[in-house]
Amino acid sequence: MPFIANTDAERREMLAFLGLDSMGQLWQKAQVPEPEFDFSQMPEGISELEVSQKLQGLASKNDNGLICFLGMGHYDHFIPAAVGEVLGQSGFYTSYTPYQPEASQGTLQAIFEWQSAICRLSGMEVANASLYDGGSAIFEALTMSLRTLRRRREVVVSEALSPIYRKMLDTYCASLDLKINYVPALDEKSDIEGILAAVNEQTACVIVQYPNVFGTIEDWSAALTEIKAQGALTVCSAYPSALALLKTPGEMGFDIVVGEGQPLGLSLAFGGPYLGYMCTGNKLMRKMPGRIAGQTKDTQGRTGYVLTLQAREQHIRREQAMSNICSNKNLCALAALVYMTVLGKQGLREVAQLCHNKAAYARQRLSAIPGVETLGDSPFFNEFVLQLPRPAESLLAELLKKGIAAGVPLGKYYPGRERQLLVAFTEKRSKEEIDLLAENLEALL
Amino acid sequence: MKLIFAKSVEGRRGLRLPASDVPAAELPQELLREQSAELPEVSELDALRHFTLLGRQNMGVDTNFYPLGSCTMKYNPKINERLAALPGFTELHPMLAQLPEGEQYCQGALALLYECEKLLAQACGFADSTLQPMAGANGELTAIMMFAAYLKSKGETRRKVMLIPDSAHGTNPASAAVAGFTCREIASNEEGDLDIEELKKALNDEVAGIMLTTPNTLGFYNSSVAEVVALVHQAGGLAYCDGANLNAILGRIRPGDLGFDAMHINTHKTLSTPHGGGGPGSGPVCVAARLLPFLPQPKVHKNAEGLYSLSEDAPQSIGYIAPYYGNFSIIVRAYAYMLMCGGNGFQRISENAVLSANYVRERLAPWYEQKYERSCMHECVLSASRQSALGVNALDIAKALLDRGFHAPTIYFPLIVPEALMIEPTETESKQTLDEFCEAMIAIAKLAEENPEELKKAPLSTPVGRLDEVTAARQPLLRV
Amino acid sequence: MKLYAKTHEWVQVENGIATLGISEFAAEELGDVTYIEMPALDEKFAAGDIFGSVESVKAASDLFCPIGGSICEINEELEDEPALLNQSAEDQGWICKLEKINESDLSALMSLEEYLAFVRE
């Protein structure tokens with residue numbers, strides 16, 4: 001039985017207390033009609049042992065022996081054992097939203113620490129408790145800009161922003177009275193000039209990615225000054241692992257920074273759950289959606305933590321809420337916090353450096369293959385684009401058979417880029433694995 | 001407790017990484033950050049100790065009765081945790097399934113998604129479902145966006161108004177607003193049901209649809225739900241079911257059979273996935289036949305040979321709600337749970353949930369006001385109005401419960417009941433626990449009469465006492 | 001002479017400038033005010049438009065403009081010290097001032113006596 005506590009005898013007692021003889025009578029009193037559907041048509045419940053066997057069977061039908069060079073927003077980083085250990089603690093995963101703060105100080109302090117950590121990483125002043133994922137976070141940043149600059153109804157978006165996130169934006173923005181101006185990328189670079197040209201007094205915000213979807217590192221500082229002169233807000237979707245090493249969006253002057261926190265200690269897990277993060281400056285604090293934890297004192301002067309600025313949220317403002325978001329990705333934010341703590345100030349920087357080292361080595365090895373070129377020569381973090389002599393898709397199936405998930409074929413998203421392959425390298429990729437990729441790719445060409 | 005940053009010492013390290021097996025590569029100095037991020041510097045032991053102690057400061061289902069109304073804090077089966085953590089699931093990059101012939105390497109995961117979608121649709125009486133929405137509110141939004149797309153496809157651009165009961169959860173109007181609709185509130189009648197006469201007055205050719213929570217947020221089953229849905233359909237609108245309270249009718253009533261066009265489910269409520277202190281959840285959406293073309297993509301298909309693949313060729317699809325297929329690890333848990341329940345299990349769940357809630361309601365009836373004198377479903381809404389006349393309000397009662405080792409029920413929701421206390425026991429709690437809870441509630445009611453000042457001091461046994469939320473909002477301190 | 005709206009805002013006109021605030025009754029209902037969202041200078045509103053909002057810990061209320069006009073001043077002291085609204089809603093807790101006002105909107109408003117009677121219902 002699915003974890004039902006009471007026995008038949010106890011149920012009879014409870015019914016008797018209600019003055020009833022049967023459950024049928026209670027359903028009647030509650031005005032619930034007889035079932036229309038015959039639920040015995042559905043499979044019967046199985047035991048814990050059987051469900052274990054079934055799902056282990058399904059898990060084994062997935063090949064996790066493949067060497068992963070796939071990126072584009074979600075990466076195969078190493079997850080320290082400590083992360084899972086903390087997430088598995090019942091106080092964290094079996095508790096609910098901290099609406100009774102006195103009984104939820106663990107969650108609230110952890111959120112406060114996460115907010116602090118992600119601010120320090122991104123160079124921004126204030127953060128929220130997390131959003132669903134990097135894509136929906138961009139949408140939240142967009143609506144935040146519309147709420148702040150109420151009379152502006154245009155948005156400029158770089159096509160060097162992940163195509164997956166752009167598809168999500170198109171979906172979420174479908175009902176908004178809004179004009180989105182997409183600015184195409186130039187090879188491996190964002191078209192900064194083109195973006196600046198697209199900004200006018202109707203622009204609520206400009207949205208770019210850093211490093212961009214092709215892995216290129218671009219300094220936006222100068223461009224931001226120009227964009228701000230037009231009164232528009234600037235939104236950066238940033239890869240958090242890279243921020244341990246690179247100039248931060250905060251240093252560059254972005255108004256809102258969002259991104260995908262999966263690289264910080266979350267499994268790839270075939271799609272989620274992932275972790276959206278959002279940071280901004282103090283000026284826009286009250287325009288931020290989602291939950292926020294704040295520090296305060298109790299009646300005895302002890303330091304404690306509460307959810308604050310709740311008047312922005314749906315349970316109070318309803319239609320006028322900053323967003324419809326209710327839950328956050330609390331446990332995911334906790335995972336990221338533990339990751340950032342266990343790796344620490346030095347460790348996170350080392351991970352970033354290792355990623356870049358591997359990518360640099362791979363770039364050398366792969367571009368040495370006859371017929372293979374790298375797209376452009378811009379600085380990159382851990383991802384870059386290979387230009388191949390044949391369509392990328394034609395090679396991928398063969399490489400999979402060799403145990404290699406070689407990269408993301410860009411032609412899937414960008415017309416004209418059919419021969420381009422986006423390859424990613426994390427600290428998990430060894431020299432041997434990279435050599436294997438190079439050897440197999442060379443053999444196929 | 002001290003913040004992790006306060007425990008840091010310069011130079012202390014946690015995890016060690018392997019040395020680079022490739023040459024070090026330098027990036028131009030002007031691209032690098034000036035100072036390393038000031039993240040903690042602690043040993044792994046200090047880190048574990050810190051987080052373990054933090055975790056112990058939380059109440060959770062594993063340690064306390066947690067009767068939050070409409071949250072369905074049922075037991076989180078441990079086998080689900082074990083299965084969701086299988087490397088065959090956790091190490092799979094979602095892009096793999098979209099590479100040429102990549103789906104061959106993801107058959108188990110794709111099968112799980114597909115079978116789960118169909119199982120959910122069957123359990124709720126719908127044609128199909130999507131597992132993409134990343135939370136309940138995200139599911140609501142997905143459903144309402146499909147309504148918008150459907151109406152647009154029919155040229156029904158006048159229909160811009162969404163009808164919502166005054167008892168609705170705040171996410172309903174918020175989601176409708178994000179999807180481009182304006183909201184109109186429909187009042188409840190004296191029995192706590194949607195007022196049908198008020199509804200009829202509101203129906204016209206500008207109405208896009210209605211969002212109903214079934215059973216409603218007061219914990220009542222509205223036997224005229226099918227009539228409401230039919231009325232809305234007749235007026236040319238669509239009907240959405242907020243499935244937050246599905247636990248009350250699982251295995252008995254299928255919202256699809258009542259005529260609803262779409263419904264969302266909270267896996268972290270009805271389907272036992274953990275609440276995680278506020279997420280991650282998952283909000284699958286079931287749809288009736290006429291909404292099938294609008295489902296988000298990519299979508300999993302199964303061919304005649306039983307092979308699973310992804311498809312993105314639905315021209316009317318609303319597109320991408322999530323970056324990939326939804327919160328897969330959460331879905332693994334929900335699927336395992338549904339398999340363990342089976343159709344027969346679903347029936348037992350709602351029976352027990354409803355019986356327990358009515359039992360609690362009956363035990364507390366002599367002590368707490370009830371705005372509506374009728375049998376409830378899986379949750380009961382009491383009012384602390386009698387106690388508030390003595391100076392003890394719902395908040396005080398909640399804090400007093402914390403001292404007695406119980407997490408408080410939901411307070412001050414729904415808005416239409418003053419000093420509301422919404423109690424949802426769930427079917428996984430034993431009669432003993434329910435009796436202990438009722439005894440505590442009764443003791444508190446007595447204390448409210450005899451010594452209300454005592455209750456104002458609560459909680460005393462928690463790590464902190466009542467916190468100054470006003471200053472926290474006036475002078476926000478959101479980080480160090 | 002102060003006039004009141006059904007939505008609990010008050011307005012006092014002097015020399016063509018209208019000062020706006022919320023009633024003591026409304027301030028009490030809200031509880032401890034934590035934040036006031038102010039309109040921007042030079043923003044124009046018609047009677048009935050939402051010109052800002054007042055937040056407390058558990059509630060948020062929109063502010064409805066009782067009279068058409070253009071914002072010429074906001075109470076910066078109130079911005080820094082939201083508690084002023086609870087202390088002196090009808091005096092030092094004024095919210096903003098409008099110029100170029102639409103005097104005819106005043107006829108739809110209530111006197112203090114009428115407002116108090118309305119609130120008592």
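Labels below follow one simple rule: chain letters A, B, ... track the order of the sequence lines, proteins then strands, and each chain is numbered from 1. All values below were derived from every heavy atom in this structure, side-chain atoms included, with hydrogens, water molecules and symmetry-related copies excluded.
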Peer 1: Please check this pair: side chain of A:Thr171 against backbone of B:Ile318, looking for a donor-acceptor N/O pair closer than 3.5 Å.
Peer 2: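 Yes, A:Thr171 side chain to B:Ile318 backbone: donor-acceptor pair under 3.5 Å.
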
Peer 1: Quick one, B:Asp468 with A:Thr296, criterion side-chain hydrogen bond (donor to acceptor under 3.5 Å, both in side chains). Give me CA distance, side-chain angles, the key distance, then yes/no.
Peer 2: CA-CA 6 Å; B:Asp468 184 357; A:Thr296 186; 4.7 Å; no

Peer 1: Where does A:Arg349 contact chain B at under 4.5 Å (heavy atoms): side chain, backbone, both or neither?
Peer 2: side chain

Peer 1: Do B:Leu112 and A:Leu55 touch side chain to side chain, with heavy atoms closer than 4.5 Å?
Peer 2: yes

Peer 1: Do A:Tyr96 and B:His407 touch side chain to side chain, with heavy atoms closer than 4.5 Å?
Peer 2: no

Peer 1: Where does B:Ile249 contact chain A at under 4.5 Å (heavy atoms): side chain, backbone, both or neither?
Peer 2: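 Neither; nothing under 4.5 Å.
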
Peer 1: Any side-chain to backbone donor/acceptor pair from A:Asn62 onto B:Gly88? Under 3.5 Å, distance only.
Peer 2: yes

Peer 1: Side-chain donor-acceptor pair under 3.5 Å between B:Asn76 and A:Thr94, yes or no?
Peer 2: no

Peer 1: Side chain, backbone, both or neither: which part of B:Phe51 has a non-hydrogen atom closer than 4.5 Å to chain A?
Peer 2: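 Contact with chain A is through both the backbone and side chain of B:Phe51.
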
Peer 1: What do you reckon, is NZ of A:Lys412 surrounded by more than 12 foreign heavy atoms closer than 6.0 Å?
Peer 2: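 More than 12 within 6.0 Å, yes.
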
Peer 1: Can you tell me which portion of B:Pro100 sits under 4.5 Å from chain A's heavy atoms? Options are side chain, backbone, both or neither.
Peer 2: both

Peer 1: Answer with side chain, backbone, both or neither: which region of B:Ala111 has an atom nearer than 4.5 Å to a non-hydrogen atom of chain A?
Peer 2: side chain

Peer 1: At a heavy-atom separation under 4.5 Å, does A:Met168 approach chain B through its side chain, its backbone, both, or neither?
Peer 2: both

Peer 1: Would you compute the distance between atom CE of B:Met340 and atom CD of A:Glu48 and round it to the nearest 0.5 angstrom?
Peer 2: 6.5 Å

Peer 1: Can you say whether B:Glu30 sits under 4.5 Å from chain A via the side chain, the backbone, both, or neither, judging by heavy atoms?
Peer 2: backbone

Peer 1: Below 4.0 angstrom, N of the basic side chain to O of the carboxylate: do A:Glu350 and B:Arg13 qualify?
Peer 2: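 Yes, this pair counts.
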
Peer 1: Most heavy-atom pairs under 4.5 angstrom with chain B, which of A:Phe112, A:Tyr165, A:Trp27, A:Tyr361?
Peer 2: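 That would be A:Trp27.
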
Peer 1: Determine yes or no for a side-chain-to-main-chain donor-acceptor pair under 3.5 angstrom, with A:Gln295 supplying the side chain and B:Leu477 the backbone.
Peer 2: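 No, because the side chain of A:Gln295 does not come within donor-acceptor range (under 3.5 Å) of the backbone of B:Leu477.
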
Peer 1: So, do A:Gln100 and B:Lys399 sit near enough that their side-chain heavy atoms are less than 4.5 Å apart?
Peer 2: yes

Peer 1: Go through the atoms of B:Arg374 and report whether side chain, backbone, both or neither lie under 4.5 Å from a heavy atom of chain A.
Peer 2: side chain

Peer 1: To the nearest 0.5 angstrom, please state how far the CD atom of A:Glu427 sits from the CG atom of B:Asp21.
Peer 2: 11.5 Å

Peer 1: Before you tell me yes or no, could you show the steps for A:Leu121 and B:Arg33 under side chain to side chain contact (heavy atoms under 4.5 Å, CB included), namely the whole-Å CA-CA distance, both residues' side-chain angles and the distance that decides it to 0.1 Å?
Peer 2: CA-CA 10 Å; A:Leu121 189 59; B:Arg33 63 185 292 160; 4.2 Å; yes

Peer 1: Hey, is the main chain of B:Val480 close enough, under 3.5 Å, to the side chain of A:Arg120 for a donor-acceptor pair?
Peer 2: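 Side chain of A:Arg120 to backbone of B:Val480: a pair is present.
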
Peer 1: Heavy-atom distances under 4.5 Å only: say whether B:Ala176 touches chain A with side chain, backbone, both or neither.
Peer 2: neither

Peer 1: Is it the side chain or the backbone of B:Leu402 that comes within 4.5 Å of chain A heavy atoms, both, or neither?
Peer 2: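 It is the side chain, since no backbone atom gets that close.
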
Peer 1: Atom CG of B:Leu355 and atom CE of A:Met23: how far apart are they, to the nearest 0.5 Å?
Peer 2: 5.5 Å

Peer 1: Could you tell me which portion of B:Arg82 (side chain, backbone, both or neither) has an atom closer than 4.5 angstrom to a non-hydrogen atom of chain A?
Peer 2: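 Neither; nothing under 4.5 Å.
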
Peer 1: B:Ile4 versus chain A, heavy atoms under 4.5 Å apart: side chain, backbone, both or neither?
Peer 2: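 Both parts, heavy atoms under 4.5 Å.
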
Peer 1: Between the main-chain N or O of A:Gly272 and the side-chain N or O of B:Asn327, is there a donor-acceptor pair closer than 3.5 Å?
Peer 2: no

Peer 1: Is B:Leu96 close to chain A through its backbone or its side chain, or both, or neither, when contacts mean heavy atoms under 4.5 Å?
Peer 2: both

Peer 1: Does a side-chain heavy-atom distance below 4.5 Å link A:Tyr274 with B:Met134?
Peer 2: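 A side-chain contact under 4.5 Å is absent here.
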
Peer 1: What verdict does the side chain to side chain contact (heavy atoms under 4.5 Å, CB included) test give for A:Leu58 and B:Phe89, after you've listed the backbone C-alpha separation in whole Å, the side-chain angles of each residue and the deciding distance to 0.1 Å?
Peer 2: CA-CA 9 Å; A:Leu58 288 177; B:Phe89 293 137; 4.1 Å; yes

Peer 1: Which answer fits B:Leu99, side chain, backbone, both or neither, if we ask what part of it has an atom under 4.5 Å from a heavy atom of chain A?
Peer 2: side chain

Peer 1: Report which part of A:Lys297 has an atom under 4.5 Å of a heavy atom belonging to chain B: side chain, backbone, both, or neither.
Peer 2: backbone

Peer 1: Does any heavy atom of chain A fall under 4.5 Å from the side chain of B:Ser356, the backbone, both, or neither of them?
Peer 2: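 It is both, since atoms from each part get that close.
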
Peer 1: A:Thr248, A:Leu66, A:Leu245: which one forms the most heavy-atom pairs within less than 4.5 Å of chain B?
Peer 2: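 Looking at each option in turn, the highest pair count goes to A:Leu245.
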
Peer 1: Between B:Leu39 and A:Leu343, is there a side-chain heavy-atom distance shorter than 4.5 Å?
Peer 2: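 Side chain of A:Leu343 against side chain of B:Leu39, heavy atoms only: no contact under 4.5 Å found.
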
Peer 1: What part of B:Tyr66 lies closer than 4.5 angstrom to a heavy atom of chain A: side chain, backbone, both or neither?
Peer 2: side chain

Peer 1: Can you find a pair of side-chain heavy atoms, one from A:Met72 and one from B:His93, that are under 4.5 Å apart?
Peer 2: no

Peer 1: Could you give the distance from OG (A:Ser104) to CG (B:Leu54), rounded to the nearest 0.5 Å?
Peer 2: 12.0 Å

Peer 1: Roughly how far, to the nearest 0.5 Å, is NE2 of B:His275 from OG1 of A:Thr107?
Peer 2: 12.5 Å

Peer 1: Show your reasoning for whether side chain to side chain contact (heavy atoms under 4.5 Å, CB included) applies to A:Phe37 and B:Gln122.
Peer 2: CA-CA 10 Å; A:Phe37 176 69; B:Gln122 190 187 24; 4.3 Å; yes

Peer 1: Hey, could you give me the CD/SG distance between A:Glu44 and B:Cys341, rounded to the nearest 0.5 Å?
Peer 2: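 Here the rounded value is 12.5 Å.
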
Peer 1: Does a side-chain heavy-atom distance below 4.5 Å link A:Leu396 with B:Glu101?
Peer 2: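 No, every pair of side-chain atoms sits at 4.5 Å or beyond.
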
Peer 1: Search all heavy atoms of B:Leu3 against all heavy atoms of A:Gln109 and return the closest pair with its distance.
Peer 2: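 Heavy atoms of B:Leu3 and A:Gln109 come nearest at CA-NE2, 3.7 Å.
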
Peer 1: Would you confirm whether A:Asp219, through its side chain, and B:Leu31, through its main-chain N or O, come within 3.5 Å as a donor-acceptor pair?
Peer 2: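 The answer is no, because no donor-acceptor pair under 3.5 Å joins these two groups.
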
Peer 1: Any side-chain heavy atom of A:Val32 within less than 4.5 Å of one from B:Met377?
Peer 2: yes

Peer 1: Strictly below 4.0 Å, N to O, side chains only: are B:Glu38 and A:Lys345 in salt-bridge contact?
Peer 2: yes

Peer 1: Does the ring center of B:Tyr324 lie less than 6.0 Å from the ring center of A:His74?
Peer 2: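 Yes; A:His74 has its ring centre under 6.0 Å from that of B:Tyr324.
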
Peer 1: Under 4.5 Å from any heavy atom of chain B, what part of A:Leu354 do you find: side chain, backbone, both or neither?
Peer 2: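 Just its side chain gets close to chain B.
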
